Amino acid sequence: AQTVTQSQPEMSVQEAETVTLSCTYDTSESDYYLFWYKQPPSRQMILVIRQEAYKQQNATENRFSVNFQKAAKSFSLKISDSQLGDAAMYFCAYRSPNTGNQFYFGTGTSLTVIP
Amino acid sequence: KAGVTQTPRYLIKTRGQQVTLSCSPISGHRSVSWYQQTPGQGLQFLFEYFSETQRNKGNFPGRFSGRQFSNSRSEMNVSTLELGDSALYLCASSLTGKANYGYTFGSGTRLTVV
């Protein structure tokens, strides 16, 4: 089975500062997709950003960007200009058409934003 | 447009009972997946349905079952509830269910077994 590891259970950042959340994964597949999801207290998982493994260019969505290191199997999320609304649990996830298309999630990182 | 709707939002059941949870996907979405979220095991895949057919199943006992109707609405059923079944159950829908397509999640059903 694929494994996704988030080694930081908790992180904190000052408002307006930048924070990086780490994620590593293990797979022997060449065709896969990586995601970062945010889960606020409302419980709904919200897609933050997505990266296709075949693309070398790192994905960017406004204040959110990733550092995708395919050889190292690393997929970190950088949040710039952190806002109070960014406070949530962040989950890294992996999917591949060769492993049933299901999500494999990491254990999550709880992000606190300090005013 | 309306998002993924899960009902009920909260549920308390007694050990040994059975429970049915409902998920209404985004209109037009044909794929529905279910996940169990617990503090100890994290997020685990239960099953996926596409056009009324179960396409994939996670590593859960047979007490966990599901189905999908012709309007793409899905239900999951847990029989003979155990204390360990207490969890947040999340449903997610997708247009095609392909790996590169995004899934939209609902807000989940919080099941407590006492």
Side-chain angles (χ1 to χ4, degrees), chain A residues 1-10 23-25 27 29-55 59 61 64 66 68 75 88-110, chain B residues 2-11 21 23 25-26 29-50 53-60 66 87-111:
Chain A
Q2 321 306 314
T3 57
V4 179
T5 302
Q6 294 178 250
S7 58
Q8 307 153 313
E10 297 178 344
C23 173
T24 59
Y25 59 95
T27 185
E29 301 293 334
S30 58
D31 182 15
Y32 57 89
Y33 303 83
L34 297 166
F35 305 80
W36 277 98
Y37 275 90
K38 166 185 175 182
Q39 187 178 41
S42 67
R43 307 182 324 201
Q44 183 182 16
M45 299 281 280
I46 300 167
L47 178 64
V48 175
I49 200 165
R50 178 181 71 190
Q51 174 79 44
E52 293 88 343
Y54 63 84
K55 287 187 177 178
E61 287 288 341
F64 299 88
V66 299
F68 175 46
F75 181 62
M89 280 291 288
Y90 285 81
F91 291 94
C92 177
Y94 164 104
R95 285 178 68 187
S96 169
N98 299 321
T99 53
N101 278 331
Q102 70 198 71
F103 281 108
Y104 292 90
F105 286 96
T107 51
T109 297
S110 177
Chain B
V4 177
T5 303
Q6 290 189 247
T7 56
R9 193 162 169 81
Y10 298 92
L11 204 50
L21 311 182
C23 172
I26 290 174
H29 283 196
R30 297 165 64 190
S31 170
V32 173
S33 296
W34 289 87
Y35 288 81
Q36 181 195 64
Q37 185 176 18
T38 61
Q41 300 297 317
L43 284 145
Q44 294 186 290
F45 171 73
L46 281 155
F47 26 66
E48 181 199 6
Y49 287 86
F50 183 82
T53 300
Q54 187 180 87
R55 195 156 66 173
N56 193 12
K57 188 178 189 305
N59 189 26
F60 277 81
L88 178 66
Y89 290 88
L90 290 165
C91 162
S93 77
S94 169
L95 190 63
T96 66
K98 291 184 178 179
N100 60 328
Y101 273 74
Y103 269 77
T104 301
F105 283 82
S107 296
T109 293
R110 172 79 66 189
L111 172 65

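Throughout, a chain's letter reflects where its sequence line sits, starting with A, and its residues are numbered from 1. None of these values were measured; they are calculated from a predicted model.
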Exercise for review: Could you check A/Tyr25, A/Tyr37, A/Tyr94 and say which one makes a ring-ring contact (aromatic ring centres under 6.0 Å, His included) with A/Phe103?
Suggested key: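 Single pass found, and it is A/Tyr37.
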
Review point. So what's closer than 4.5 Å to chain A heavy atoms on B/Gln41: side chain, backbone, both or neither?
Key: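 Nothing of B/Gln41, per the 4.5 Å heavy-atom cut-off to chain A.
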
Check your understanding: Which answer fits B/Tyr103, side chain, backbone, both or neither, if we ask what part of it has an atom under 4.5 Å from a heavy atom of chain A?
Key ->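 Backbone plus side chain of B/Tyr103, per the 4.5 Å heavy-atom cut-off to chain A.
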
**Study point:** Cationic tip of B/Arg55 above B/Phe50 ring, under 6.0 Å, 45° of axis
**Key:** yes

**Study point:** Face-on cation placement of A/Arg95 at B/Phe45 ring, 6.0 Å and 45° thresholds
**Key:**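 Ring-cation test returns no.
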
Exercise for review: Report the residues that fulfil salt bridge (charged side-chain N to carboxylate O under 4.0 Å, His left out) with B/Arg9, sequence neighbours left out, ordered by chain and then residue number.
Suggested key: none

Check your understanding: chain B heavy atoms under 4.5 Å from A/Thr107: which part of the residue, side chain, backbone, both or neither?
Key ->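 Neither part; nothing is under 4.5 Å.
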
Practice item. For chain A, find which of B/Glu48, B/Lys57, B/Gln37 contributes the most heavy-atom pairs closer than 4.5 angstrom. Key: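 Option with the top pair count is B/Gln37.
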
